[in-house]
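Working notes for the structure below.
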Amino acid sequence: MSKTRQELDALSELLAKEKQEDFEQHRQKVMSLPLEERIKRGYSWYPVVVSRSGYALGERAFVTIETEKLDNPHQFRAGKTVNFFTRQADAYQPEKTGVIQYVEKGKMKIILNAKDLPEWLGMGQLGVDLLFDERTYLEMEKALEKVKKAKNDRLADLRDVLLGAQPARFHEGEWKQHFPTLNESQSAAVYQAVNALDVSVIHGPPGTGKTTTLVATIQLISKEEQTVLVSAPSNTAVDLLTERLADAGLNVVRIGNISRIDESIINHTLEARLSHHPESKNIKKVKIQAANARRQAQRYRRKFGRDQYLERKQLQQEAKELAAWANQLEDRLIDQILSAANVITCTLVGSSLKVLEKRKFRTLVIDEAAQALEPACWIPISKVSRVVLAGDPHQLPPTVKSMAAQKGGLGITLIEKGLQRLNQTSFLDTQYRMNEQIMGFSNKRFYQNALKAGLDVAKQRLPFTTDEPVLFIDTAGCGFDEKMHAQYKSRFNPEEYLILREHLYQLIEHFNADNAPSIALISPYREQVIHIKQQVEEDPKLQEQPITINTIDGFQGQEKDVIYISLVRSNDKAEIGFLKDYRRMNVAMTRAKLQLVIVGDSATIGDDPFYQELLDYVEQEGQYQTAWEYMQG
């Protein structure tokens, strides 16, 4: 058996372990619990009332539900799969699955996986459960099997190059395109991607203009090829690229579940393109006729004899024919829209959607490849002739829930393998975000000091303050022990926030609304983020300030003038939990442009070599303060 086959077989086994663990966690947390317990733990809303209903783009039914019974934090998030149900005993088909479009306080909008609204909407006893979403795993499993079986075709070639069995090949063409907005390393990355015959890798550390480089690459490729396929593991990353590519003047069509797509790019979605097309009115009329025929056929009748049976059969046949005609018209229209696009964007799993089923592309660009599980990358790779992987393995990795799968290497991404195995890769070496002091520690620890700060940002500082660009406020010896939320097992540290708040108060005193810097408060722990949000909302000095509060994971890809990081961990055993994932800290520290303020307990984190190195760096290059300086009052 070949090495590549062994590697792929091992990957399949790891994926099976991850799927089992994910399902088991969901079963224990949700499925095995009675409704009252699910409500209590935040996995169900019940009872709910429907405040709005109708049809979203793509002729998908939607409901907006509201609940007053929301005493506890919940697990519902935009993009999650849910089960909308009624507990009425005589309801026909009492469950409908769907995807959450948004959740805010006690309100949730769900795009249903159905063309028609359920008949039981007005019957009451309605609720919603969080579901286990198996589709992602099924698509990854299918893709892996396809890659294993590939023989004497383009997928087999790409497999052998990506897994190190064959070298990547490049055209030795001349560089003909000049991009005045790109630096030398960005231009070299574009050149290499355009001249790749199989695979190219762009390694883009924070602030180095990875997206700018990808947009230039895609612009150039789209001049030579009919349509470029662009993908990423998350909807957020796909939406960002969609927006940037459209701003660059390209005709971009965004494929995917519209409930998971940001509203700012809704006009680029396939559904929006369909609805704006002159032909769509005719298609909509036919679909409404089909829906009416279906409803009439399903109508309850007290008397049901042969005539009623024949009438129902006729209506069902009519609905079937009308739906088939509507689908035929729509398929033709979709084909026209997709064929005219310069770029089609979608998530990795979204590339398996039916509208792309029979389409082949010359080039695939995968952004944020360091956040993608390898099996997910193979889904769109099976549709193309060459691949551009872009990302940074020193930032957040993909989420792996199974310890066994993690130990086995499921978290090792295709871009990491590419950086190790391919003979040529591109490194973007100039960052345009951070003051050089903010950049310094990450540059040394993760990038072998290969990064440079752009001239415009290297010395930039926050005005009206004597603080250095990097500041560590030490809570050691203050007795600010971390606390744990009993139900969610997430940690928080209220006293640590109070110290952070004192520094924040001093900072905002220097500015008014016109010249205030952008500020974000971030933490590795969700419970700390929830606590900080509550405190800020109730604080007269802060509640009107435009402050972003989020987990580090939730803030990846963003930047602000000033970043505060609350580390939370403070205990006698020097336990730091998942602060041990240093890539998460790399993300956190590289979000700041002008000032980075870290609040933490040096006695807890200092036993770890990484954090001791960070503390040493701050003392030498930045500024070190103790929390006592903020506790005098």
Side-chain angles (χ1 to χ4, degrees), residues 54-62 98-99 101 111-117 135 139 218 222 225-231 235 238-239 241-243 245-295 317-364 379-380 382-384:
Y55 297 90
L57 288 171
E59 309 305 319
R60 301 270 293 286
F62 80 83
V99 178
Q101 183 165 23
I111 309 288
L112 298 172
N113 295 324
K115 292 179 180 177
D116 301 319
L117 289 161
R135 179 178 162 251
E139 294 300 340
I218 294 160
S222 68
E225 298 172 18
Q226 185 180 353
T227 310
V228 182
L229 182 61
V230 175
S231 195
N235 284 288
V238 176
D239 290 345
L241 265 174
T242 302
E243 199 166 11
L245 290 163
D247 289 346
L250 292 169
N251 176 5
V252 189
V253 179
R254 168 72 157 101
I255 304 289
N257 190 327
I258 59 162
S259 59
R260 291 177 166 141
I261 291 171
D262 193 271
E263 289 199 6
S264 63
I265 56 122
I266 207 84
N267 286 334
H268 300 296
T269 62
L270 178 60
E271 286 82 1
R273 294 288 180 89
L274 280 169
S275 69
H276 295 153
H277 198 281
E279 275 294 305
S280 71
K281 284 182 182 174
N282 295 331
I283 296 170
K284 198 166 187 177
K285 277 180 192 171
V286 178
K287 284 186 174 183
I288 289 168
Q289 288 169 356
N292 287 338
R294 272 197 305 273
R295 271 197 290 274
Q317 183 61 28
E318 187 183 330
K320 191 177 175 183
E321 287 171 4
L322 286 166
W325 183 28
N327 289 338
Q328 196 178 342
L329 293 170
E330 192 168 76
D331 287 347
R332 197 168 64 207
L333 203 51
I334 286 169
D335 187 57
Q336 286 174 18
I337 292 166
L338 295 183
S339 296
N342 300 127
V343 184
I344 292 173
T345 62
C346 57
T347 61
L348 299 170
V349 177
S351 67
S352 66
L353 290 169
K354 195 181 172 195
V355 290
L356 297 180
E357 200 172 33
K358 293 175 183 172
R359 289 190 171 263
K360 289 282 182 184
F361 302 86
R362 166 87 177 98
T363 304
L364 162 69
I379 302 170
S382 66
K383 296 179 174 292
V384 303

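Sequence positions, counted from 1, serve as the residue numbers for this chain.
Interatomic distance, OG of Ser231 versus CD1 of Ile344, reported as 11.5 Å (0.5 Å rounding). In this structure, OG1 in Thr227 is found 11.0 Å from CG in Leu250, a value given to the nearest 0.5 Å. Between the CG atom in Leu333 and the CD1 atom in Ile337 there is a gap of 4.5 Å [rounded to 0.5 Å].
Among residues two or more places apart in sequence or in another chain, the side chain to side chain donor-acceptor pair (under 3.5 Å) test is passed with Thr345 by Thr242. Applying the side-chain contact (heavy atoms from CB on, under 4.5 Å) criterion to Glu243, with sequence neighbours excluded, gives Asp247, Ser264, Ile265. Evaluation of the side chain to side chain donor-acceptor pair (under 3.5 Å) rule for Arg362 yields no partner, not counting sequence neighbours.
Of all heavy-atom pairs between Lys360 and Ser382, the closest is NZ-O, 3.1 Å. Annotation for Leu229 and Pro380: closest pair CD2-CB, 4.2 Å, computed over non-hydrogen atoms. Taking all atoms of both residues into account, the shortest heavy-atom contact from Val355 to Ile255 is CG2-CG2, 3.8 Å. Annotation for Thr347 and Arg254: closest pair N-NH1, 4.3 Å, computed over non-hydrogen atoms. The two residues Ser352 and Arg135 come nearest to each other via the heavy atoms OG-NH2, 3.1 Å. The nearest pair of heavy atoms linking Cys346 to Leu356 is SG-CD1, 4.2 Å.
Thr363 places no side-chain N or O within donor-acceptor distance of the main-chain N or O of Val228, the cut-off being under 3.5 Å. Using a distance-only test at 3.5 Å, with no hydrogens or angles considered, a donor-acceptor pair links the side chain of Asn342 to the main chain of Asn251.
Looking at Ser351 and Arg359, their side chains never bring a donor and an acceptor atom within 3.5 Å of each other.
Side-chain contact check for Lys383 versus Leu364: every heavy-atom pair is 4.5 Å or farther apart. In this structure, Leu338 and Val253 have side chains that are in contact, with non-hydrogen atoms separated by less than 4.5 Å. The shortest side-chain heavy-atom distance between His268 and Val343 does not fall under the 4.5 Å cut-off. Inter-residue side-chain proximity for Glu225 and Ile218 is flagged as unmet; no heavy-atom pair is nearer than 4.5 Å. In this structure, Asp331 and Asp335 have side chains that are not in contact, with every pair of non-hydrogen atoms separated by 4.5 Å or more.
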Pair Val252-Leu241, side chain to side chain contact (heavy atoms under 4.5 Å, CB included): steps then yes or no: CA-CA 10 Å; Val252 189; Leu241 265 174; over 6 Å; no

